[in-house]
Amino acid sequence: MTYTGDVTPGGPSDVRELGPATLRKMSVSDMHNNVYLLTCTATGEQLMVDAADDADRCLALVAEGTGRLDHLVTTHQHWDHVRALEDVARATGARTYAGEDDADALPLAPDVPLRQGDTLRVGELVLDVVHLRGHTPGSVALAWRAPDGVTHLFTGDTLFPGGVGNTKNEGQDFDSLYADVTERLFGVYDDETWFYPGHGGDSTLGAERPHLDEWRERGW
C-alpha cells in the first residue's frame, strides 16, 4: 500500500519504504500522538521517536520491525509525549535521548542529552539533531537525508502543516520558535523535505514555505 501518513489511535501503523530505511508511523491516545519507528534495513538497528503512550502498542510497533529497539528519542518534555517512555526503555534496554534543556523535566533522564549539531547513528543511517527553542526550551528535531536526496524530518511539536507549534502557554515564545524553525529548518532544507510532526498528518517544507510570512504576521 502507498504510504499516506494518515493514522488513527488504535489503528494500524503506516509503513514507508525508503531504500536503506523503513519508516513506521502509528498514533496513540486521545491526544492523537504520533509514534515513529525508523529501521536500518542493512543492520536491523531501530530508533523510536516519542514513546508517547500505550507501552504495549509501542512494543508491538518495535516487533513489527526487527524486534529490537536500540535508540529511543523524546522530542520534548510535554507529558503527552513521554507516558510510555519509562516502560519502553525498561522493556527494550534502548539508549534514551532528549534535548539537553528538557532533560530535567522528563520522567526518565536521557542517557544522551542532545544539542544543536549533534548526530545520531542508527546502523548505517546518520541523523542530524536540530535544537528548536520556543515550544519548550529543549525541543529537538531529527533529520535524515535519504540516498535519493530527500530529507526526512521528525519535528515533534515544533512544526505542523499550517504553522509552528503552540506558544500560547507560560514559558513558551513564538518569536524564538519561529526564528529557529525558519533558520534551522526552512533555511537549511529544501522544498522536497518531508516532515513528520508529533500529531496529525505529514507535509513538506515546500507546501508550507509560501505561508511563513502569514505565520509571522498572525503570531502563531
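All values derive from a computational prediction rather than experimental measurement.
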Donor-acceptor pair, distance only, cut-off 3.5 Å: does the side chain of [X] make one with the backbone of [Y]?
X      : Y      : value
Glu208 : Leu205 : no
Thr182 : Tyr178 : yes
Thr66  : Gly44  : yes
His131 : Glu100 : no
Gln77  : Leu106 : no
Thr43  : Glu45  : yes

Val150 and Arg145, any side-chain heavy atoms less than 4.5 Å apart: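 No, every pair of side-chain atoms sits at 4.5 Å or beyond.
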
Ring centers of His152, Trp194 separated by less than 6.0 Å: no

Are the charged groups of [X] and [Y] less than 4.0 angstrom apart, N to O?
X      : Y      : result
Arg24  : Glu17  : no
Arg83  : Asp54  : no
Asp14  : Arg16  : no
Arg133 : Asp180 : yes

Least distance between heavy atoms, His199 atom then Asn34 atom: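 That would be C-ND2, 3.2 Å.
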
Chi angles and distances behind the side-chain hydrogen bond (donor to acceptor under 3.5 Å, both in side chains) call for Asp111, Thr96: CA-CA 5 Å; Asp111 297 320; Thr96 59; 3.2 Å; yes

Single hit among Leu127, Val73, Thr22, Val49 for side chain to side chain contact (heavy atoms under 4.5 Å, CB included) with Leu38: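 Result for side chain to side chain contact (heavy atoms under 4.5 Å, CB included) with Leu38: Leu127.
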
Leu85 side, atom CG; Asp53 side, atom CG - distance, nearest 0.5 Å: 12.0 Å

Thr158/Thr155 under side-chain hydrogen bond (donor to acceptor under 3.5 Å, both in side chains): CA gap, chis, key distance, verdict: CA-CA 6 Å; Thr158 62; Thr155 58; 4.7 Å; no

With no hydrogens and no angle check, do the side chains of [X] and [Y] hold a donor and an acceptor under 3.5 Å apart?
X      : Y      : result
Thr136 : Asp102 : yes
Asp157 : His76  : yes
Thr167 : Asp173 : no
Asp118 : Tyr97  : no

Residue Asp191 excluded, over 12 heavy atoms near CG under 6.0 Å: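 Atom CG in Asp191 is packed in, count exceeds 12.
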
